[in-house]
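Throughout, a chain's letter reflects where its sequence line sits, starting with A, and its residues are numbered from 1.
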Amino acid sequence: MTKSLSTRTIAKKSLSMKSVFALLSAGILMSTLATFTNAEEVATLRNNTPLEVQKEPKVMPLVSNDDIKQKRNYPMQPPVIPHKVRNYQVDLKVNKCMSCHARNRTDESQAPMVSVTHYMNRDGNFLAEISPRRYFCNQCHVPQLDTEELVENTFKDMDTIMKEKQKAQKAQAEH
Amino acid sequence: MKNFIIKMWQTIRRPSVHFSLGFLVIGGFIAGIIFWGGFNTALEVTNTEEFCISCHEMEDNPYEELKTTIHFSNRSGVRATCPDCHVPHKWTDKIARKMQASKEVWGKLFGTINTREKFEGKRRHLAENEWTRLKANDSLECRNCHNFDYMDFTSQSTRASEQHSTSLASGEKTCIDCHKGIAHELPDMEGVEGW
């Protein structure tokens with residue numbers, strides 16, 4: 001209110017001043033609008049909880065521990081871990097994952113051996129032990145939680161895309 | 001000095017003139033109970049977690065690490081304390097362990113592992129002692145809580161039931177063979193069987 005009043009009084013004095021103020025207030029309005037819409041976008045995972053309020057946390061979902069292998073979404077995808085890895089130590093001293101998944105452990109553990117690429121260095125030479133660049137398993141492999149996705153996933157694997165394409169072509173040919 | 005010892009010996013050897021045999025037997029019996037009880041109480045005190053972590057080596061390293069594991073907090077609310085895993089509950093074993101433990105007090109006096117680095121430096125050695133002990137007693141301490149006979153494989157994960165129904169059931173392996181590092185961080189495992 002005060003702003004528009006002052007704008008009007010000053011406007012009487014000069015036209016150029018008026019347009020400057022109009023632009024300015026429009027700018028302010030737009031930027032506030034932008035912040036509001038932005039805030040809403042960012043806040044989706046907080047369900048519009050005000051910034052200064054701590055959101056009530058959801059119940060922690062359990063880690064899937066059924067040991068059933070999941071389909072990969074694309075051939076190069078690192079397979080996800082079908083079991084718990086709580087407190088599995090992977091550091092300079094030990095690698096708990098490799099105590100089951102290393103080549104020489106798979107007879108006792110009956111776990112799948114890590115891909116042969118994990119024994120290759122960057123020049124493609126095979127090493128006796130896991131390559132240092134593959135050492136930290138959790139950089140690529142993660143356990144899964146028994147829960148709904150927070151954000152809808154629209155990923156389609158190539159089989160689905162190919163099938164859709166074929167269907168479309170077939171439909172076109174029939175016309 | 002020599003005279004004194006001879007005199008003492010004579011006093012001890014001479015039959016009692018003032019006390020009846022009955023008094024001596026009963027009195028000795030009561031004194032025995034008191035001493036035995038005191039010994040037992042002392043053992044009880046040293047058999048608590050508070051006692052173990054009264055040493056900062058034990059508090060800063062094993063205890064801190066234990067806190068993040070399943071044996072400290074879990075859905076059932078049952079806690080394993082240091083003595084549950086480290087001191088056998090049977091009497092004879094208990095005393096034997098205490099004798100060995102007095103060497104730790106030595107370590108405290110001479111400050112063998114009073115920093116994290118020193119502890120890490122010794123960890124492999126200490127861990128190996130524990131593995132050997134648990135291997136030798138067929139993981140007795142684990143079995144005090146986890147009884148194989150009452151394990152329900154159908155409610156275990158596939159990985160667990162497969163391993164438990166084969167090499168554990170046949171007695172070929174014991175808990176500690178597969179569950180090293182269940183309560184603390186592991187040392188460098190280079191050369192340890194199965195790693």
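Atoms CG and CG, from Leu92(A) and Asp188(B) in turn, are 9.0 Å apart once rounded to the nearest 0.5 Å. Interatomic distance, CZ of Arg86(A) versus CG of Asn74(B), reported as 7.5 Å (0.5 Å rounding). The CD atom of Glu108(A) lies 8.0 Å from the CD atom of Gln163(B); values are rounded to the nearest 0.5 Å. If you take CE on Met189(B) and CG on Asn95(A), they are separated by 11.5 Å, rounding to the nearest 0.5 Å. How far CH2 of Trp195(B) is from CZ of Arg105(A): 9.0 Å, rounded to the nearest 0.5 Å. Atoms NZ and OG, on Lys180(B) and Ser99(A) in that order, are 10.0 Å from each other to the nearest 0.5 Å.
For the pair Asn87(A) (side chain) and Thr68(B) (backbone), a donor-acceptor distance under 3.5 Å is present. Using a distance-only test at 3.5 Å, with no hydrogens or angles considered, a donor-acceptor pair links the side chain of Gln89(A) to the main chain of Leu186(B).
Open room surrounds CD on Glu152(A); 12 or fewer heavy atoms of other groups in view lie less than 6.0 Å from it. Within a 6.0 Å sphere centred on NZ of Lys67(B), other residues, nucleotides and ligands contribute more than 12 heavy atoms. Heavy-atom neighbours of Glu128(B) CD from other residues, nucleotides or ligands within 6.0 Å: above the threshold of 12.
No continuous path of hydrophobic side-chain contacts links Ile182(B) to Leu66(B) [ILVMFWY only; heavy atoms under 4.5 Å]. Grouping the Ile, Leu, Val, Met, Phe, Trp and Tyr side chains by contacts below 4.5 angstrom, directly or via other members, places Ile53(B) apart from Phe119(B). The cluster map of Ile, Leu, Val, Met, Phe, Trp and Tyr, joined by side-chain heavy atoms under 4.5 Å apart, puts Met98(A) and Tyr88(A) in different clusters. Tracing side-chain contacts under 4.5 Å through hydrophobic residues (I, L, V, M, F, W, Y), one reaches Val114(A) starting from Tyr135(A); they form part of the same cluster. Cluster annotation: Leu134(B) and Trp131(B) are assigned to the same hydrophobic cluster (Ile/Leu/Val/Met/Phe/Trp/Tyr, side-chain heavy-atom contacts under 4.5 Å, transitive).
Val94(A) and Pro187(B) get closest at one heavy-atom pair: CG1-O, 3.8 Å. Nearest heavy atoms, Arg159(B) versus Lys84(A): NH2-O, 3.5 Å.
Interface remark: Ile70(B) contributes backbone and side-chain atoms alike to the contact with chain A (heavy atom separation under 4.5 Å). No part of Gln156(B) comes within reach of chain A, as not one of its non-hydrogen atoms sits under 4.5 angstrom from that chain.
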